[in-house]
Amino acid sequence: MTTPLEIGAGETALFWILAPISVIAALGLLFARKSVHAALSMIVVMLIAGVFYIANEAPFVGIIQIVVYSGAVMMLFLFVVMLVGRDASDSLIETIRGQRLATVLVTLGLVALLTVVVGQVTWGGAVGLAATNTETGNVTGLAYLIFGRYVWIFEVSALLLITAAVASMVLAHRTRLAPPPNQRAWAARRFREGKHLAGLPAPGVYARHNAVDTPALLPDGSISELSVSRVLAARSQVASPERFADAQDEIEREIEEGSER
Amino acid sequence: MSLVNYIYLSAILFSIGGAVVLLRRNAIIVFMGVELMLNAANLAFITFARMHGQLDGQVIALFVMVVASAEVVVGLAIIMAIFRSRRSASIDNANLLKA
């Protein structure tokens, strides 16, 4: 029988500092209003989990955790948050009445159950992986297991990954029902409808400023709504053209005064 | 400190993940809750491997990661497809199969 494992003061301190942070970050996932904030707290939880793996004498799995989970998987999550839109926030209406209270009760019950069950387990003291890790090395030992005892699971997981990749491509694929309109088709449509024959008005061009978020001014001085993209209007990111127009007037006035001098 | 503390932490994280799945309406956050539960299970596996002095737990944790990444890819593609057709990422809106 090997000697029981002694856990040093360093690892104890590491645990008691990082474990509360990871629980707080996990609660942030529960309470965050925006999905980006939830994703960021999830990254914190995953990084701390990676540190715990390394502390638990699993350096290979810890580094894979940091690279694959907090690197690739969370990047994918943030990418989807970006595509789905930042305004995809939660509604706070309960769909099923009493669901929130029931969830809190179930969660507390689960914590109590797991804690009591784990607390009652008797076991013969931790062995530790130091002997195994020095005997073969952590990565080599894992390789012996993956390509030895668990080689069948390894093959099946390869199959699973290929299926998942193909499935995601099929799900994300969108077939066009009609060919995309080209310039000729747009022009033909404009003339058929008889509106905006020369195209929509361009955004405003002023002496000191021209950008797509600045609307053009009509001859009577009012703003042309058609000259800015309606996406910008929906985000209320349209700039006011008045100050540029005023600046332009001032420049013209100064030039006029200078020529009279 | 005993190694059982890691198991307690894993139990707490797993329960929080379950609460996230049950409470949140946004499909992306629900998915992150599932990931949190898988991570908690992985922490328990890694700790068990150290308790017993055998590397099998670490191998199982690696396979859990493989399955989780496959699940994330397919799940996020489904969320994207639903969002594209219904302009919503709320799990309450996808009730097409409701009787």
Side-chain angles (χ1 to χ4, degrees), chain A residues 2 7 11-12 15 19 22-23 26-27 29-30 35 38-39 42 45-46 49 52-53 56-58 61 64 68-69 73 76-77 80-81 83-84 88-91 95 100 103 107 110-111 114-115 118 123 126-129 131-132 141-142 145-146 150 153 157 160-161 164-165 167-168 171-172, chain B residues 1-9 11-20 22-26 28-29 31-33 35-36 39 42-43 46-47 49-56 58-59 61-63 65-70 72-74 76-81 83-84 88-90 92:
Chain A
T2 50
I7 295 177
E11 197 187 334
T12 311
F15 180 82
S22 83
V23 171
L27 286 174
L29 186 62
L30 190 55
S35 34
M42 193 66 211
V45 176
M46 286 171 168
F52 279 157
Y53 295 174
N56 265 327
E57 291 168 298
V61 186
I64 293 288
V68 170
Y69 256 121
V73 170
L76 205 62
F77 266 106
V80 171
V81 168
L83 283 178
V84 166
S89 52
D90 258 350
S91 70
T95 320
R100 208 164 291 165
T103 306
T107 307
L110 186 61
V111 171
L114 287 173
T115 315
V118 170
W123 50 296
V127 182
L129 280 166
T132 319
L142 282 180
L145 281 177
I146 290 174
Y150 297 110
I153 306 180
S157 62
L160 176 75
L161 278 179
S168 71
L171 282 170
Chain B
M1 192 188 91
S2 161
L3 277 183
V4 183
N5 285 358
Y6 284 112
I7 306 293
Y8 286 132
L9 175 66
I12 291 172
L13 289 180
F14 187 88
S15 309
I16 294 176
V20 169
L22 290 175
L23 272 186
R24 300 304 297 256
R25 298 267 79 84
N26 189 336
I28 302 172
I29 299 183
F31 239 73
M32 288 184 208
E35 290 302 304
L36 186 60
N39 261 290
N42 264 356
L43 184 59
I46 299 278
T47 312
R50 195 181 182 196
M51 279 178 176
H52 293 283
Q54 284 170 347
L55 287 173
D56 296 58
Q58 298 186 9
V59 177
L62 273 177
F63 284 128
M65 278 183 199
V66 171
V67 174
S69 49
V72 161
V73 165
V74 175
L76 288 181
I78 291 174
I79 290 176
M80 284 302 304
F83 180 78
R84 208 180 273 152
S88 159
S90 172
D92 281 342

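Throughout, a chain's letter reflects where its sequence line sits, starting with A, and its residues are numbered from 1.
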Work out which heavy atom in [X] is nearest to a heavy atom in [Y]; give both atom names and the distance.
X: B:Val59; Y: A:Ile146; value: CG1-CG1, 3.8 Å
X: B:Ile16; Y: A:Ala26; value: CG2-O, 3.5 Å
X: A:Ser35; Y: B:Ile29; value: CA-CD1, 3.9 Å
X: A:Leu114; Y: B:Ser15; value: CD1-OG, 4.3 Å
X: B:Asn39; Y: A:Met46; value: ND2-CE, 3.4 Å
X: A:Ala164; Y: B:Val73; value: O-CG1, 4.0 Å

Just verifying a value: how many Å separate [X] [atom1] and [Y] [atom2], rounded to the nearest 0.5 Å?
X: A:Leu27; Y: B:Ile12; atom1: CG; atom2: CD1; result: 9.5 Å
X: B:Leu55; Y: A:Glu57; atom1: CG; atom2: CD; result: 10.0 Å
X: B:Ile28; Y: A:Phe77; atom1: CD1; atom2: CZ; result: 8.0 Å
X: A:Tyr150; Y: B:Leu62; atom1: OH; atom2: CG; result: 11.5 Å
X: A:Met42; Y: B:Phe31; atom1: CE; atom2: CZ; result: 12.0 Å

Problem - Options A:Val73, A:Val111, A:Leu142, ranked by heavy-atom pairs under 4.5 Å with chain B, top entry - result: A:Leu142

Completion exercise
Scored by heavy-atom pairs under 4.5 Å with chain B, the best of A:Thr103, A:Val23, A:Leu76, A:Leu110 is A:Thr103

Handout entry: chain B contact via A:Ala19 - which portion, at a heavy-atom distance below 4.5 Å
Key =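 Its backbone and side chain both get close to chain B.
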
Problem - Contact class of A:Val45 relative to chain B, heavy atoms under 4.5 angstrom - result: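 A:Val45 touches chain B through side-chain heavy atoms alone.
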
I'd like to verify something: which residue of [options] has the highest number of heavy-atom pairs under 4.5 Å with chain A?
options: B:Leu43, B:Val4, B:Ile46, B:Leu22; result: B:Ile46
options: B:Asn42, B:Val74, B:Asp56; result: B:Asp56
options: B:Asn5, B:Val72, B:Thr47; result: B:Asn5

Compare all side-chain heavy atoms of [X] with those of [Y] and state whether any distance is below 4.5 angstrom.
X: B:Ser69; Y: A:Leu161; result: yes
X: A:Val61; Y: B:Met65; result: yes
X: A:Asn56; Y: B:Gln58; result: no
X: B:Leu9; Y: A:Phe52; result: yes

At a heavy-atom separation under 4.5 Å, does [X] approach chain A through its side chain, its backbone, both, or neither?
X: B:Met32; result: both
X: B:Leu13; result: side chain
X: B:Leu36; result: both

Handout entry: Donor-acceptor contact present, side-chain A:Arg100 to main-chain B:Leu23, <3.5 Å
Key = no

Exercise for the section: Using modelled atom types only, decide if a donor and an acceptor are shared between the side chain of B:Glu35 and the backbone of A:Tyr69 within a distance under 3.5 Å. Expected result: no

